[in-house]
Structure formats: C-alpha cells, structure tokens
Amino acid sequence: MSSEQLSYPEKIDIQNCEKEPIHLIGKAQAHGVILAVDPETFKITQASENTFKYFGLLHKHLLGDSFENLIGKSAFERITKAIDQKTGFKAEELKIGNKHFVVLPHFSEEHLIIDFEVLGEYWEPMFLQQQLTNTINGLDANETIPKLCNTAAKLMKSIFDYDRVMIYRFDEEWNGEVVAEEREEYLESWLDLHYPASDIPSQSRNLFLKHKVRIISDVDYEPVPISPEISPITKKPLDLSKSTLRGVSPIHIEYLQNMKVGASLTAAIIVHGKLWGLIACHHYSAKFINYFQRETCKFLAQVFSNNIASIQTGIFNKKFNENSELRAKILTDLKIENTLGDGLENTEIPFTSLIESGGGAVVLDDEIKLFGNTPTEAEVIDLSNFLAENDEILFYTKHLKNHYSAAENYKKSASGILSFKLGRAKNNFIIWFRPEVVETVSWGGNPNKKITYNEEKQRLSPRNSFERWTEKLDGISNSWQDYEIETAKAFRENLNQFILKKQKEEISRLNQNLQEANKDLELFSYGISHDLRSPLRGITGYAQILKEDFSENLSAEALETIETILKSSNRMEGIIDDILSFSKITGGELQKKNFSTNKLLQELLMTFNIKANYPNLKIEIAENLPDSYGDRRMLFQLWSNLLGNALKYTEQAPYPQIEIGSFAQENKDVFYIKDNGIGIAENQKDKIFQMFSRFAKKDFKGTGIGLAIVARILEKHNGKIWVESEPGKGSTFFFHL
Ligand code: ADP
C-alpha cells in the first residue's frame with residue numbers, strides 16, 4: 001500500500017466514510033504533547049506543534065534533538081530499560097519546566113511514541129481506594145442486566161460527574177440503544193433511544209476493543225497538527241491507534257457539536273471478547289479527567305463487563321440445561337421406523353417448543369411438515385430454496401425480509417427465522433418462525449438522515465437533529481438469544497445422529513436382503529444346473545444312441561441334424577458349468593491361505609492333459625514363482641480360465657506358445673500369462689471382462705463368462721487384472737492379488 005493511499009483523505013465521502021482512517025489523523029488533542037522518537041537513535045522525529053505551550057521549547061528546536069535532553073537522565077534510563085528488558089512501559093509522572101505530566105510511551109510500527117498528558121486534578125489515594133471498593137460492591141449486588149446497568153450508570157456519574165452517563169448496548173447489527181441513564185435534572189432523557197450503527201462506525205468500535213477508554217476533553221478544541229506529517233522513518237503518516245492524545249475525527253467532532261456536547265468519555269464494555277456496549281458520558285462544557293482517573297474508569301468497566309458475562313453465562317446455562325431435558329424427551333419419542341417428518345410430528349413435546357417461536361417446519365427431500373403459525377407450504381418451499389443457496393449450516397435473522405424480500409408477504413408469522421441444514425443434504429431444513437413484534441422504536445434523530453454532504457466544509461456532515469424520532473417496527477421479530485442458537489446447534493447434532501442411525505439400520509436391512517437374495521440365487525442356479533443337466537444328459541444320450549446304433553437307417557440329412565443336436569447340447573453343458581462356477585464364486589466365502597503357485601500350475605497342466613491334447617504347444621512356466629495367498633480353489637479356477645483361453649486362442653497358430661511368469665511391482669507380485677494367439681483389439685480390452693462379452697470368431701467355442709469369473713475372483717481378493725495385446729500377435733494377461 002502506498003503512502004498516498006494511507007494518508008488521511010482530504011475528502012471523506014459516502015463511499016469512504018466507513019473507511020475513514022481515524023488512527024492516521026495526524027493531529028493531537030490539545031491537553032498534551034505527542035512526540036515520535038526513533039528508537040535506534042532516540043532522536044525526536046515528529047512532534048505536535050504545541051511544545052512551546054507545554055515545555056517552553058519551540059517545536060523546530062525539538063525535532064532532531066535527543067529525547068534524553070527533554071526528559072532527563074533518570075526518566076530516560078527507565079524507558080530504555082523497559083525497552084531492553086521488554087517489560088512493557090509504565091505510566092509515570094514527570095515534571096518538565098514547572099509543569100506536571102503523565103508520560104505514556106508505546107511502540108507504533110517503527111516509532112516510539114510518547115504522550116505527555118497534563119496531570120490535572122489529583123486524587124487522594126484514600127479517595128481512590130474508596131471508589132474501587134464502591135465499584136466492586138455496587139456492581140456485584142445485581143442479579144439482572146438492567147439493574148446492573150443502572151448501578152453502573154449511577155456509579156460512573158458519582159465518581160466522574162459527567163452531566164450525562166449512558167449505558168449504550170449494541171444489537172446484532174451494531175445499532176445502539178441507551179439501556180440505562182443518569183443525568184443532570186435539567187437534561188431531557190435519552191433512555192430507550194436507538195442510534196444507527198453508522199453513528200459508531202466499525203473502525204471506532206475496533207479501536208475501543210483495543211484501548212477501552214477514550215476521552216475528548218474539549219469538543220471545541222483546536223486540533224494540533226503533528227509535524228512533519230509524514231514520518232521520516234516509515235515515510236508514512238504516523239499510526240496513532242494507541243495514543244491517548246490522538247486527535248478526533250472531524251465528523252465525530254461535528255456529531256458531538258450537533259448534540260451540543262462539550263466533552264466526552266467513552267469506555268468499552270467487552271463481554272466474551274466482543275464489544276457488548278459502551279459507557280458513554282457527555283458533558284456540556286469542556287471536561288478533562290486524567291490518566292489515573294481513566295484507569296479507575298477502566299477498572300469499573302472491567303468489573304461491569306465481568307458481571308454482565310457472569311449473568312449472561314448463568315442465564316445461558318440455565319436455559320440450555322432446561323432445553324437439554326426437552327431435547328432428550330423429544331429424542332426418546334422419535335421412532336426409528338418413522339420418517340423424520342412423521343417422527344417429529346408425533347413427539348409428545350413438539351420440537352417447536354425447544355425455542356420460543358410461533359411455529360416451525362421440517363423440510364425434507366420428499367416431505368414437508370408445518371407446525372403452528374407458519375407461512376404456507378409453497379412459501380416455505382421457496383424459502384428453503386433461498387436458504388439452500390447459503391453455504392452456512394445455521395442461518396438466523398430477526399429481519400428476514402431484509403435478506404429475502406418475499407418474506408414481506410408473511411412477516412406476521414415469520415419476521416424472524418432460525419434454521420439449520422440437516423445432514424449433508426443441501427435442501428433439508430429444520431426451521432423455527434418468529435412473528436413480527438408490534439412495537440415502536442425511538443431513534444435519537446431520524447436515522448435515515450444521518451449523512452449529508454456539507455459543501456462549505458467540503459466533507460460529510462452527520463445528522464444535526466437529535467430530536468426523538470419514532471418509528472413503528474416493520475417485519476422485525478424478537479432477537480434470537482445465544483442459548484437458543486446453541487440449542488438449535490445441539491438439536492441438529494441429535495437429529496443428524498438419528499438420521500445416521502436410521503441409515504445404518506437401512507443399510508443393514510438391505511444387506512440382509514441382499515444376502516438372502518444371493519442365497520436364493522445360488523440355490524436357484526444350483527437347481528437349474530442340476531435340473532437342466534439330467535434332461536440334457538437324456539438328449540445327448542439319446543442323440544448318441546441314434547448316431548451310433550441307427551446311423552445305417554438314417555439319411556445323411558438326419559445324421560447332420562443329430563450332429564447339430566450333440567453340438568448344441570455340449571455347448572449348453574458348457575454354459576451350465578460356467579454359470580454354476582460363477583454363482584459359486586459370487587456367493588462363496590473366501591478361505592485364504594498361503595500356497596505354492598508352481599504346484600497349483602502343475603496340477604492344472606495335468607487336468608488339461610496338455611502333452612496329449614496339445615502336442616504342438618511350447619509351454620514355459622517360470623520355476624520359482626512366488627507363493628500365492630488367497631482362496632486356492634478360486635485361484636485354481638482363475639488360472640484354469642486364463643490358461644483355457646490361452647490354449648483356445650492359440651489353437652490356430654502354426655507354433656503355439658504360452659509363457660507363465662511373474663515380476664515384482666510396487667511391493668506386489670504380478671503374475672502373467674502370455675500367448676501368441678489371435679490377440680485382442682484395443683477397444684475390446686475393457687469389455688472382455690464383462691459377463692457374456694465375446695469377441696472371438698464363431699469357430700472359437702465359448703460362453704463369454706470365463707473372464708467375468710476371473711475378474712470377480714480378483715475383486716474378492718482386492719486384486720487387479722489388465723491385458724496387453726496386439727491383434728494377430730498374441731496377448732498377455734497380468735494380475736496381482
Ligand atoms: P470366452 O472365451 O468363453 O468367449 P471369456 O470371458 O473367457 O469368454 O473371454 C471373453 C473374450 O475375450 C473372448 O470371447 C475373446 O474375444 C477374448 N479373449 C479372452 N482371452 C483371450 C486370449 N488369450 N486371446 C485372445 N482373445 C481372448
């Protein structure tokens with residue numbers, strides 16, 4: 001980022017108002033001096049231009065001079081020691097000339113910045129002690145947040161005596177409301193007034209989170225320029241975020257002037273790390289409270305914040321625990337055999353009562369259930385489509401139509417919604433609806449008129465009327481509380497568990513069905529093959545008898561017909577055998593063990609009676625094949641099918657050759673069987689492992705089941721098979737277990 005972009009813009013307009021870099025303001029307030037020092041050389045590099053007033057030394061003489069000369073040896077040593085030992089700086093009192101200051105050093109980027117703040121009114125230690133005790137005792141005695149706020153406002157007023165002390169609370173959208181107030185009698189009350197979020201923009205809120213207490217001692221002060229404006233060290237404007245004397249944004253000054261405020265003190269109320277609200281004090285003339293008094297104020301704000309946190313935690317725990325019991329009851333009523341929608345419809349305690357609401361909805365893929373006061377079914381479906389576009393699992397708002405304009409039509413029943421997505425589905429929701437609250441809200445001035453462009457000043461002006469401005473709430477429900485949001489999250493967890501349990505049950509039911517179906521199938525195929533085989537034997541037997549015993553009496557045509565019968569029935573027998581072995585493989589359990597691959601192959605050669613049946617064949621089997629681990633019966637079948645194919649598809653080769661071997665690849669033993677048969681076309685390589693796919697010419701007998709069995713056996717062994725081949729030259733099948 002260039003220094004240009006970082007410097008304080010001349011002109012703040014609607015576009016950059018939220019971005020106004022209030023920490024780079026380049027000005028000091030008038031009740032002290034800001035110095036920037038180079039921590040390498042301890043030379044003063046920048047200073048506010050009021051040094052003569054406070055130190056009796058001209059600004060131009062201080063720049064470039066040693067910092068030690070100004071503050072004296074012992075104070076200098078204390079500061080450098082804190083830097084060396086990294087102990088952090090302590091505020092300390094110091095006299096320069098005849099004036100007393102509180103010296104507040106801190107680091108900012110590559111500068112050591114020192115605020116010299118006038119000491120002001122002195123408090124007796126006894127008085128201080130008393131204020132602290134009052135603070136703790138006073139704040140501890142409150143059981144509710146409204147009471148606590150009232151006490152805090154009273155204490156602040158009595159200790160610091162500002163004309164008006166307000167406790168200002170932020171809502172979810174950072175609008176503020178005055179929830180407690182102490183004021184001088186002649187002032188009109190601002191209690192219950194609301195202020196729009198833009199009155200305290202996000203960058204101010206962030207600074208409050210860091211620095212907790214801030215004063216403007218004189219709204220009509222003349223801002224003191226810090227010069228040079230650009231730091232000679234960083235070549236950028238000085239970052240004054242941590243300076244207590246930092247000048248005030250001109251827009252904010254004008255805002256206070258419009259309110260006729262002369263001085264202010266603001267302390268942050270931080271609960272669970274988040275800005276909960278502010279203690280905002282106004283005085284109608286200039287007023288300064290010094291560093292030590294501000295520390296007391298910080299202490300009060302801290303105790304106040306802790307008390308709020310503890311009351312809120314108490315409420316949260318109580319409500320959440322009550323809800324946990326309700327949740328448990330709902331869950332015991334959910335029946336696993338019901339759909340979730342039916343289940344939630346039939347619980348004794350409706351799920352909608354978990355969270356204060358007018359009604360609710362369960363939206364699932366194939367069902368939608370509405371409970372209580374809700375928009376129509378079609379409207380809820382449209383709403384769920386809108387919610388599905390959002391990536392968040394949980395969505396809640398008290399002002400739905402602000403996010404989704406169609407909600408205008410049903411704001412009576414659903415101005416607010418709290419919803420969550422169920423499981424992994426994008427479109428399944430549980431939703432609670434909250435009706436519109438019929439209330440008016442009073443604003444401190446019409447919030448819609450907050451920004452105007454001031455031609456004369458060439459910048460934005462905040463609104464200048466703070467007259468009570470009343471507005472009827474439109475399409476807004478009560479806010480969703482922390483414990484309600486947490487209850488929704490917990491309930492989501494519960495329902496997801498329930499859905500998971502249902503799915504598990506469904507899967508195990510399907511599994512059981514599948515197992516039964518498999519058994520049936522196995523029995524069926526056994527049955528078929530058994531039942532078909534005997535009539536088939538009859539056919540073959542009688543055809544054989546016809547052929548052998550009656551051939552002289554039969555015409556050549558009849559004999560040919562008998563041949564066809566015999567061929568067909570043979571083929572049928574082959575198919576029956578293959579179907580039977582396939583069903584045995586798919587249904588059977590594996591009995592894995594280690595065995596010698598070479599021995600298995602020797603057995604196989606015997607069953608094929610290779611020497612007698614394939615006298616021309618040259619077959620080579622590697623001698624030391626690795627052992628196999630698996631179901632021997634199945635792997636016998638696997639080798640048998642592969643070898644069978646190799647024999648079959650080399651039948652027409654002039655010098656048929658088959659080679660069986662193995663090699664290691666990525667820790668696995670890969671076996672291969674290579675032949676010099678007809679080969680396989682590229683586009684058939686994947687298909688040959690499917691059931692009943694055959695590509696060889698008609699003169700090669702077969703059923704198209706053999707390789708499907710091979711693939712199935714390997715699947716059962718978590719193995720893999722692939723083939724390399726060149727049509728006309730031969731094929732090699734590779735597999736590993
Ligand atoms: P079948 O051999 O009974 O037709 P398979 O499932 O064993 O059935 O084989 C499927 C197809 O794969 C065969 O029809 C053939 O086209 C091809 N095939 C299998 N093995 C080989 C091989 N060694 N050489 C050439 N083609 C083969």
Side-chain angles (χ1 to χ4, degrees), residues 525 528-529 532-533 536 567-586 597 600-601 604-605 607-608 610 613-614 616-622 625 633-662 670-717 719-736:
S525 18
I528 285 194
S529 40
L532 289 184
R533 225 191 276 262
L536 194 60
K567 255 191 214 159
S568 302
S569 51
N570 258 338
R571 206 171 110 71
M572 191 157 169
E573 215 175 298
I575 295 178
I576 290 174
D577 281 348
D578 282 355
I579 290 184
L580 194 61
S581 39
F582 187 78
S583 72
K584 269 189 201 152
I585 301 290
T586 40
T597 313
L600 180 142
L601 289 172
L604 194 62
L605 295 188
T607 32
F608 275 88
I610 295 275
N613 292 336
Y614 303 88
N616 285 337
L617 176 75
K618 196 176 154 213
I619 180 160
E620 259 178 50
I621 299 181
L625 290 174
R633 197 178 52 92
M634 286 190 192
L635 293 173
F636 189 87
Q637 170 96 50
L638 176 146
W639 278 111
S640 160
N641 291 6
L642 289 177
L643 181 63
N645 281 347
L647 293 169
K648 180 161 61 179
Y649 296 109
T650 52
E651 248 166 23
Q652 295 177 356
Y655 305 102
Q657 282 180 19
I658 296 177
E659 182 192 329
I660 294 179
S662 81
V670 177
F671 295 101
Y672 65 87
I673 169 163
K674 181 177 174 173
D675 65 53
N676 64 344
I678 59 167
I680 300 161
E682 190 59 39
N683 62 349
Q684 296 164 355
K685 278 184 181 164
D686 290 332
K687 295 185 190 129
I688 54 173
F689 298 102
Q690 290 165 11
M691 191 78 156
F692 302 124
S693 359
R694 310 206 58 221
F695 298 100
K697 278 188 283 172
K698 280 261 160 55
D699 36 347
F700 294 102
K701 286 181 195 147
T703 59
I705 300 179
L707 285 181
I709 293 178
V710 167
R712 191 78 188 102
I713 292 174
L714 283 169
E715 212 174 279
K716 288 221 155 199
H717 284 80
K720 202 182 146 194
I721 183 160
W722 65 100
V723 61
E724 283 173 12
S725 176
E726 213 178 306
K729 296 213 164 144
S731 324
T732 313
F733 285 83
F734 302 86
F735 71 89
H736 63 71

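We count ligands from 1, going down the list as the structure has it; atoms in each ligand are counted the same way. These numbers come from the heavy atoms of this one structure, side chains and all, not from hydrogens, waters or symmetry mates.
Although no hydrogens or angles enter the test, the distance criterion places a donor-acceptor pair under 3.5 Å between the side chain of S693 and the main chain of K687. Formation of a donor-acceptor pair under 3.5 Å by the T650 side chain with backbone atoms of P656 is not found in this model.
Near G704, meaning under 4.0 Å from one of its heavy atoms, ligand 1 places the atoms 1 (P), 3 (O), 4 (O), 6 (O), 8 (O). Under a 4.0 Å criterion applied to the non-hydrogen atoms of K648, ligand 1 contributes the atoms 1 (P), 2 (O), 3 (O). Contact atoms of ligand 1 toward G702: 3 (O) (distance under 4.0 Å to a heavy atom of the residue). Here is the list of ligand 1 atoms found below 4.0 Å of a heavy atom in I705: 6 (O), 8 (O). Set against the non-hydrogen atoms of R694, the atoms of ligand 1 under 4.0 Å away are 1 (P), 4 (O), 14 (O).
Counted within 6.0 Å of CG on D577, heavy atoms from surrounding residues, nucleotides or ligands total more than 12; the atom is thus considered enclosed. Heavy-atom neighbours of K701 NZ from other residues, nucleotides or ligands within 6.0 Å: at or below the threshold of 12.
For F700, no heavy-atom contact with ligand 1 is shorter than 4.0 Å.
For Y672 and F733, the ring centers sit 6.0 Å or farther from each other.
By the 4.5 Å heavy-atom criterion applied to side chains, F636 and L601 are not counted as neighbours. In this structure the side chain of F734 never reaches within 4.5 angstrom of the side chain of K720, judged on heavy atoms.
The nearest heavy-atom contact from the protein to atom 7 (O) of ligand 1 is N645 ND2, 2.9 Å. In terms of protein heavy atoms, atom 12 (O) of ligand 1 is closest to I688 CG2, 3.2 Å. The protein heavy-atom contact nearest to atom 2 (O) of ligand 1 is Y649 OH, 2.8 Å. With hydrogens left out, the protein atom closest to atom 24 (N) of ligand 1 is S731 OG, 3.4 Å, a heavy atom.
The shortest heavy-atom distance from F733 to ligand 1 is under 4.0 Å.
Residues E715 and R712 are paired through a salt bridge, judged by an N-O separation under 4.0 Å between the basic side chain and the carboxylate.
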Run the ring pair (Phe, Tyr, Trp, His ring centres under 6.0 Å) test on F735 and W639 for me, step by step, so that the C-alpha distance in whole Å, both residues' side-chain angles and the decisive distance to 0.1 Å come before the verdict.
CA-CA 11 Å; F735 71 89; W639 278 111; 5.2 Å; yes
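Any N or O atom pair closer than 3.5 Å counts here, and K701 shares no such pair with ligand 1. Distances between N or O atoms of F695 and those of ligand 1 include at least one value under 3.5 Å.
Summarising the geometry of F608 relative to S640, their closest heavy-atom pair is CZ-O, 3.6 Å, with the distance given to 0.1 Å.
The nearest non-hydrogen atom to atom 9 (O) of ligand 1, considering only T650, L707, I678, L642, comes from L707. Around atom 10 (C) of ligand 1, the closest heavy atom drawn from A681, S693, G706, A646 belongs to S693. Residue nearest to atom 23 (N) of ligand 1, selected from I680, N641, D675: D675 (by heavy-atom distance).
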